[in-house]
Asks: 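My structure is below; once you've seen it, I'll send some questions.
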2 protein chains.
Amino acid sequence: MVTIKEVARLAGVSVATVSRVINETGYVHEDTRRKVEAAVQTLNYTPNEVARSLYKKKSRLIGLLLPDIANPYFPQLARGVEDIMQENDFRLIFGNSDENRSKELEYMQTFVQNNVVGVISSTMDAEADAYQKLKMPVVFLDRTSNDSPAVYADGREGGRLAAQALVRCGSRSITIMRGPEHIRPAQDRFEGAAQFLAESGVLYETLQTNSFSFHEAEYWAAELFNRFPETDGVVASNDIVAMAVLQEAHRLGRKVPDDLQIVGFDDIPLSRLLSPSLSTVHQPAYEMGRAAGNLLIQLIEQQEPPERNIQMPVQFIERDTTRKVREHG
Amino acid sequence: MVTIKEVARLAGVSVATVSRVINETGYVHEDTRRKVEAAVQTLNYTPNEVARSLYKKKSRLIGLLLPDIANPYFPQLARGVEDIMQENDFRLIFGNSDENRSKELEYMQTFVQNNVVGVISSTMDAEADAYQKLKMPVVFLDRTSNDSPAVYADGREGGRLAAQALVRCGSRSITIMRGPEHIRPAQDRFEGAAQFLAESGVLYETLQTNSFSFHEAEYWAAELFNRFPETDGVVASNDIVAMAVLQEAHRLGRKVPDDLQIVGFDDIPLSRLLSPSLSTVHQPAYEMGRAAGNLLIQLIEQQEPPERNIQMPVQFIERDTTRKVREHG
DNA sequence: TTGTAGGCGTTATCAA
DNA sequence: TTGATAACGCCTACAA
């Protein structure tokens, strides 16, 4: 690797001068600047980030911790974060936590050891010491938090919208699939839906599920029809589960949306490519990733961000697993 | 951050001794070891990876470059790589290249600047200087390469299997959707399918597509039926495109699989949750990620790996977008 | 406007 | 068995 010394030698100046020109700091005579730049060019020099990081005690690295990138909702978040970071010359150290505390801690530790300047985490436990004791800024993504910076979607409203759509289109016996307990947004959605149904006086059942994984989605879908065969409307915990329900309905010969309506959650890109395409509550995942990235950068640069707690709006997307209604004839 | 000096002071020894015990190198008296370990404990010391990296000119960081994590095939690759790296105490610096040369170069540069010890890349150009001049090992993932270490699926065979399935189940007028030109695996699949059809004397048309993206998938699906309305069998360039075709077929009232058979490629997890579920060629994406990770680690540790060029097997997965045939009555 | 030199936290060499 | 110290590549007082 070419070092600053070699550049200095070739340019016939000291390393300090080279440092000045590459960092554009302090005075440098135009002629020397040119000589240095030429040397940089011919040697193809780029500064060693590790040495910089050691000296400054700050790198250009950001830690990103997500539960599971293989789960279709997260790649979009990740992509949003990455785009922002790449635009701002930050790099990402990325890890999957699997909602597993020790993996999470292990990652947090190596983030610190590598001098990352900030972390974006979709953790299960925002109050954990690992976060509270951190000297650097942290933004929680897809997780609510009272007093820490966070970006998340309005789960309550999402749940409300899903339930409302079902009721408006005539479902009278609804099942809400309730996501994992430790995942706050999942609970918010449930509460939003449940509250709306209670207020509307519509009957509903709850099916508690304990994971968002692919494999179990099929199990829960089967379970749904076993336990509540009379259901005519389903608020699924996410789009994956909704797809599984749709498929199971198909298998059982239940007509969607005529006999059974389904509303998903997330609006993963594939949901519109289904047949019937999936009615769902849209979460702006990519934008959430970007928002988290932007917020973190502002925090890093010590600018007081306009908002530290960003709740993103959700939106009901009417597609073909819910019936069309003409409002007001 | 706690440094080795503070540990040394608390333990009443020199930094050299502390270094010896944490690295388990050289002789240390049992008593001093215990004192040092106690100090490490009470101060909660972990070594600064940046300083280590500077001295050793090697970090525990790996560069991972993928075209687009938001595209459903890649998260599984990424997850495989991450699992292996995490098991071996390596961390990942992750970036999306968007099949864009300059982004790729930019990432490669920062990988070097950060002393990564190896990179896994799904590049568009394995022969590029950026890779050839690199001092550290590189493994190409999901891309063929003649003389560089690589992990990829058997695209030719995959194409063959897809075409064969269609023919076996009675399609007589087939359209092959051909993926982007610069993506070698896409071309392999095409060639495998085309060759099989030519040899079998079955008519086929080619629809050249130039991207694997979501949005364009719908466009190509529409195009398919415009251009080749008589098609009764489609070899799609991947599962996303296959889904779009399935949906478009649905819209046009074409019965799948009775009037039209469709075979996808990749076997993304969602493809089995479709109705009808998608017949497709399975690529072991997660395992490919792991294999690439393992290969890279062997290269880094200078062990001569048993194979530097790993072609993974593919497999036709019969589901519901192809017709069932009883072979030999 | 430029150069010298010390220090960032580690590791490894060498002497004690 | 232990400690002092140079070196990794860079940045920034401070001096010139």
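Letters A, B, ... are given to chains in the order of the sequence lines, protein chains preceding strands, and every chain is numbered from 1. This structure is a prediction, so every number in the text was calculated from the model and none was measured.
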Asks: Would you say D/dC11 has OP1 or OP2 under 4.0 Å from some side-chain N or O of A/Arg52?
Replies: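 A/Arg52 to D/dC11 OP1/OP2: side-chain N or O found under 4.0 Å.
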Asks: Side chain of B/Gln187, backbone of B/Gly179: donor and acceptor closer than 3.5 Å?
Replies: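 Between the backbone of B/Gly179 and the side chain of B/Gln187 there is a qualifying donor-acceptor contact (under 3.5 Å).
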Asks: Tabulate protein N/O versus nucleotide N/O from nucleotides 13-16 of chain C, keeping only pairs under 3.5 Å, one per line.
Replies:
none

Asks: Separation of B/Leu54 atom CG from C/dA12 atom P, in whole Å?
Replies: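 Nearest whole value for this atom pair: 13 Å.
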Asks: Is the phosphate of D/dT12 approached by A/Tyr27 (side-chain N or O, under 4.0 Å from OP1 or OP2)?
Replies: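 Checking D/dT12 against A/Tyr27, no side-chain N or O comes under 4.0 Å of OP1 or OP2.
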Asks: Measure the distance from NZ on A/Lys35 to P on C/dG3 and round it to the nearest whole Å.
Replies: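 From A/Lys35 NZ to C/dG3 P: 8 Å.
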Asks: Distance from A/Asp188 atom CG to A/Thr144 atom OG1, nearest 0.5 Å?
Replies: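 These two atoms lie 5.0 Å from each other.
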Asks: What nucleic acid atoms does A/Ser19 come within less than 4.0 Å of, heavy atoms only: base, sugar-phosphate, or nothing?
Replies: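 Answer is base: heavy atoms of A/Ser19 come under 4.0 Å of a base.
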Asks: How many angstroms lie between OG in B/Ser121 and CG in B/Leu141, if you round to the nearest 0.5 Å?
Replies: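 If I round to the nearest 0.5 Å, the distance is 8.5 Å.
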Asks: Using atom CG of B/Asn115 as one end and atom C1' of C/dT10 as the other, report the distance to the nearest whole Å.
Replies: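 About 13 Å, once rounded to whole Å.
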Asks: Quickly work out the A/Asp31 CG to C/dT1 P distance and round it to whole Å.
Replies: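 Nearest whole value for this atom pair: 11 Å.
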Asks: Can you check whether A/Lys57 has a side-chain N or O nearer than 4.0 Å to OP1 or OP2 of C/dG9?
Replies: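 Answer yes for this pair, as a side-chain N or O of A/Lys57 is under 4.0 Å from OP1 or OP2.
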Asks: So, is B/Thr17 close to the D/dG3 phosphate, meaning a side-chain N or O under 4.0 Å from OP1 or OP2?
Replies: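 Indeed, a polar side-chain atom of B/Thr17 lies that close.
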Asks: Can you work out whether A/Val50 or B/Gly12 has the more 5'-proximal nearest nucleotide on DNA chain D?
Replies: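 Result: B/Gly12.
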Asks: Could you label the plane-to-plane angle of the B/Phe94 and A/Phe94 rings as parallel, tilted or perpendicular, counting under 30° as parallel and over 60° as perpendicular?
Replies: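 Ring orientation of B/Phe94 relative to A/Phe94: tilted.
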Asks: For A/Thr3 and D/dG9, is the shortest distance between a side-chain N/O and OP1 or OP2 below 4.0 Å?
Replies: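 Answer no for this pair, as no side-chain N or O of A/Thr3 is under 4.0 Å from OP1 or OP2.
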Asks: For A/Tyr45 and D/dC11, what is the distance between atoms OH and C1' respectively, to the nearest whole Å?
Replies: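 It works out to 10 Å between those atoms.
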Asks: Using a cut-off of strictly less than 4.0 Å, decide whether A/Lys5 has a side-chain nitrogen or oxygen near OP1 or OP2 of D/dC10.
Replies: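 No, no such contact exists.
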Asks: May I ask you to say what B/Val28 touches in the nucleic acid, namely base, sugar-phosphate or nothing, with a heavy-atom cut-off under 4.0 Å?
Replies: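 Since only primed, P, OP1 and OP2 atoms lie under 4.0 Å of B/Val28, the category is sugar-phosphate.
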Asks: Roughly, in whole Å, what's the span from CD in B/Gln113 to C1' in D/dC8?
Replies: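 Rounded to whole Å, this separation is 17 Å.
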Asks: Does a sphere of radius 6.0 Å around CD in B/Glu301 hold more than 12 heavy atoms from other residues, nucleotides or ligands, not counting ones at 6.0 Å or beyond?
Replies: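 Count over threshold, so yes.
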Asks: Rounded to whole Å, how long is the line connecting atom CZ of A/Arg34 with atom P of C/dT2?
Replies: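 Rounding to the nearest Å, CZ of A/Arg34 and P of C/dT2 are 12 Å apart.
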Asks: Please determine, by modelled atom types, if A/Arg52 and A/Asn115 share a side-chain donor-acceptor pair under 3.5 angstrom.
Replies: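 There is no such pair (donor and acceptor under 3.5 Å, judged by atom type) between the side chains of A/Arg52 and A/Asn115.
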Asks: Which value, rounded to the nearest 0.5 Å, describes the distance between B/Gln113 atom CD and A/Arg91 atom CZ?
Replies: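 Here the interatomic distance stands at 8.5 Å.
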Asks: Does A/Asn48 put a side-chain nitrogen or oxygen below 4.0 Å from OP1 or OP2 of D/dC8?
Replies: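 Indeed not, no polar side-chain atom of A/Asn48 lies that close.
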Asks: CD1 of A/Ile22 versus P of D/dT12: gap in Å, rounded?
Replies: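 Going from CD1 in A/Ile22 over to P in D/dT12 covers 10 Å.
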Asks: When you measure from the centre of the six-membered ring of A/Phe74, is the NZ or CZ of A/Arg79 closer than 6.0 Å and no more than 45° off the axis?
Replies: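 Ring-cation test returns no.
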Asks: Distance check: side-chain N/O of B/Thr32 vs OP1/OP2 of D/dT2, anything under 4.0 Å?
Replies: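 Result: yes.
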